[in-house]
Amino acid sequence: MTDAATDAGAAAGADIADLPLESARAEAVRLTELILGARDAYYGRDAEIVDDATYDAWMHQLEAIERLHPELQGQDSPTLSVGAASGTLFAPVEHAERMLSLDNVFSDAEFLSWAAKVERDAGRRVHYLCELKIDGLALSLRYENGRLVSAATRGDGRVGEDVTDNVRQLRGIPQRLLGNGHPALVEVRGEVFFNVADFVSLNAYQETMGDRLFANPRNAASGSLRQKTEGKNQRQLDAMHQRLSRLRMTVHGIGAWPDPPVSTQSGIYELLASWGLPTSAYYTVADSPDAADAFIQHYGGHRHDVEHEIDGIVVKVDELALHDELGATSRAPRWAIAYKYPPEQVNTKLLDIVVSVGRTGRATPFAVMEPARVAGSVVRQATLHNQDVVKAKGVLIGDTVVLRKAGDVIPEVLGPVVELRDGTERAFVMPADCPECGSRLAPAKAGDIDLRCPNARSCPAQVRGRVDHIGSRGALDIEGLGEVSAAALTQPVRPETPPLVTEAGLFDLRAEDLFAIDVVVRDAETGLPRLLEDGSADTRSPFRRQRKKSDPAFQSDGPFDGDAGHILSVAATQLLVNLEAAKSKELWRFLVALNVRHVGPVAARALAQWFGSIDAIRAASRDELAAVEGVGGIIADSLTDWFDVDWHRDIVDRWAAAGAQLATPGHPGPGGASVEGGVLEGLTVVATGSLEGYSREGAQQAILDAGGKAASSVSKKTDFVAAGPGAGSKLAKAEELGVRIIDAAQFHLLVTRGPDALDAAATSGTEG
DNA sequence: CACCCTCGAGTTCA
DNA sequence: CTCGAGGGTG
């Protein structure tokens, strides 16, 4: 790129960054039309209708938009084809038959209405050929008398680039067709793409060579195919061949064949396969729109089970006779549609990097972004872990960043789009003080990257986090005690001194305490306090509500009448009831609730089982603690250290005084109860997905009750994996390791009667 | 010294 | 649910 071109691109980027997605889309369409029109004139009529500078400006504008919104870059984008660089590198080739693009739908409803229209136009039910829409580069191959004579990119659909020399090096593409049933002229359309693994290794290679990374497999395929061999040194040439050999082709179209010996699209695929052309293994013929929709939904959930990237599903009417009947619009055939999945990687603005403090005091920077739709949900935040990660990712506040969902769930910032910087970005500086309480942040021990707020006792963020944690499923599992209540109880606007200064007072909470609480109302969008007309913050109570005449619980002389006829809300009464019930939960839950470092549900269970009471654990020495299986020196130290702190012991004492049961009834004391001789003794079981008849917790408890070990991840030590609907990576891991997989019914048998009963049931022949 | 496992954190969904 | 960090165990 020349300097002038760089400037043009950067300037365009600055404007475009402010465009909302819909306007950007419209602008991209407009530019594409202009560019294709200019190209048509140039190649088709040998005439220039615009000067080079204008043409270049359009291209740079379009490139800038596509960098900002990669999802707008269609496969037929002019930036991916002829003229993108200089227009003279590859010879133009005219396709025998125009390569049309497909119309898109973005939802099941849109797809079903397309199918309904097709069936209405056809006047009958039709079959649908469903296939994966591979994220690659479309290619047209021309075979004359069975020999490959040319290969061309799509280009603008009518004229493409001649990439025959490069294509001849691809292993997956035959130079000659097998057999002799093919016509004299065959033009097949296919997709050249990288498998995900090959794409990753290609980028790793590019990185070691100091070359530019490819944004996605399609760009990589395009880049590899459009490499020019002249002027390259031998080493680069070898590397290129190595990469090219990893390209594969799958055929999903055929044109220029007036009289095929088969009557369906799927028949054509079989024919192509018999000629030695590589076709995709992933297609099916559906006999109804609903069946086709089921295929779409299936792969929507299993996009990553396929070795290559897919950005959607292509559905075609299978009956060839109907293709002519239905015809085509100027851009796309009416007998086929592309269902586009939501993009998994998008660009968005990094508005700020903010630091949050968790229940352990760890200060974690996270990215605050312009809300963006990724993989089907709207994301506005993503963790950045610590200041080293921020630095390693190289993001600046104000950058346009690439956002994705790791494992399809957890939002992750991949990095900045450096080309779109305009100089106003600024670097993130890790604050020296806790953003919530102002204490000086410091590493817990020398050499730690993580900074922590040392003010464990009264830092609002930490107290709030701990109270929230107490209510969580892995601890006392108190319904109604979550993030929101925890905040209301520890830092309301009224009263000034919150009911809970630390978690010590949790079981002393009374109805009056809850009734008095007011919190600031925050805007759901911005997170800022909502203001009243006089400029003061709007407040409301989470635990009061207006009394209605119709209330069955209406009492004219209730205890809380003073306040304009308000009564305790349902949430408040439930919280009080649940707190009361929590007082008699199992000992290990209290141990987890105490927030001792390194003591989670597993260590807590081991300790509770051995010692039988909090007092016994408090009294135990470091070595006595470390003698418990699953507890080592570190956890033992962590426990004794914890009990050395006055206000920690105060928590235990006040909970006990409030009636919390901090001992297992009937436990004989240290060294005592251990469950032995259960039917699952010595066996490790992992439960995943939803198992009919069991809750997530219930399944774990059933395994433990039977004397087994309930592990949270699958390893080769795992004996059984009980998998129900919705099972994810654990099931895959079990298959990979050859661990025995059982369903809910078998799981029930296993925990009640043991593994032998399972085998007996299996051999008695329930199959068939 | 290898594993293998648990902990802890952040996030979104039903 | 997944990742990194770091503890426990053979």
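Here is the naming used below: chain letters follow the sequence lines, and residue numbers restart at 1 for every chain. Keep in mind that what you see is a predicted model, and the values were worked out from it rather than measured.
Among B:dA9, B:dT6, B:dT11, the nucleotide with an atom closest to any side-chain atom of A:T364 is B:dA9. Residue A:I635 places its side chain closer to C:dG8 than to any other of B:dT11, C:dG8, B:dA9. Listed nucleotides: B:dT6, B:dG8, B:dT11. Nearest to the side chain of A:P411: B:dT11. Of the candidates C:dG7, B:dA9, B:dT11, the closest approach to any side-chain atom of A:I634 belongs to C:dG7. Among C:dG8, B:dA9, B:dC7, the nucleotide with an atom closest to any side-chain atom of A:P601 is B:dC7. Proximity note for A:R359 (side chain, C-beta onward) versus B:dT11, B:dT6, B:dG8: the nearest is B:dG8. Comparing B:dA9, B:dC7, B:dT11 against the side chain of A:F366 picks out B:dT11 as the nearest.
One atom, CG of A:L625, and another, P of C:dG7, lie 17 Å apart when rounded to the nearest Å. With rounding to whole Å, A:E412 atom CD is found 14 Å from C:dC1 atom C1'. Note: NE2 (A:H598) to P (C:dG4) measures 18 Å, nearest angstrom. Atom CG of A:L607 is separated from atom P of C:dG7 by 17 Å (rounded to the nearest Å). A:N595 places its CG atom 13 Å from the P atom of B:dC7, with the value rounded to the nearest Å. We find that CZ of A:R597 is positioned 13 Å from P of B:dC7, with the value rounded to whole Å. Remark: P of C:dC1 and CZ of A:R473 are 10 Å apart, rounded to the nearest angstrom. Nucleotide C:dC3 holds its P atom 17 Å from the CG atom of A:N386, rounded to whole Å.
Using a 4.0 Å heavy-atom criterion, one finds that A:G632 contacts the sugar-phosphate atoms exclusively.
In terms of phosphate contacts, A:R362 brings no side-chain nitrogen or oxygen within less than 4.0 Å of OP1 or OP2 of B:dA9. Remark: A:Q381 is in phosphate contact with B:dT11, judged by side-chain N or O atoms under 4.0 Å from OP1 or OP2. Residue A:T360 places at least one side-chain N or O under 4.0 Å from the OP1 or OP2 atom of B:dA9.
Between the side chains of A:R452 and A:T360, at least one donor-acceptor pair of N or O atoms lies under 3.5 Å.
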Might you work through the side chain to side chain donor-acceptor pair (under 3.5 Å) test for A:S458 and A:N455, ending with a clear yes or no? CA-CA 6 Å; A:S458 49; A:N455 183 16; 3.0 Å; yes
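In this structure, A:F295 and A:Y299 have tilted ring planes: the angle between them lies in the 30° to 60° band.
The pair A:R605-A:E586 does not meet the salt-bridge criterion, since no charged nitrogen lies less than 4.0 angstrom from a carboxylate oxygen.
Taking CH2 of A:W642 as the start and CG of A:N595 as the end, the distance is 8.5 Å to the nearest 0.5 Å.
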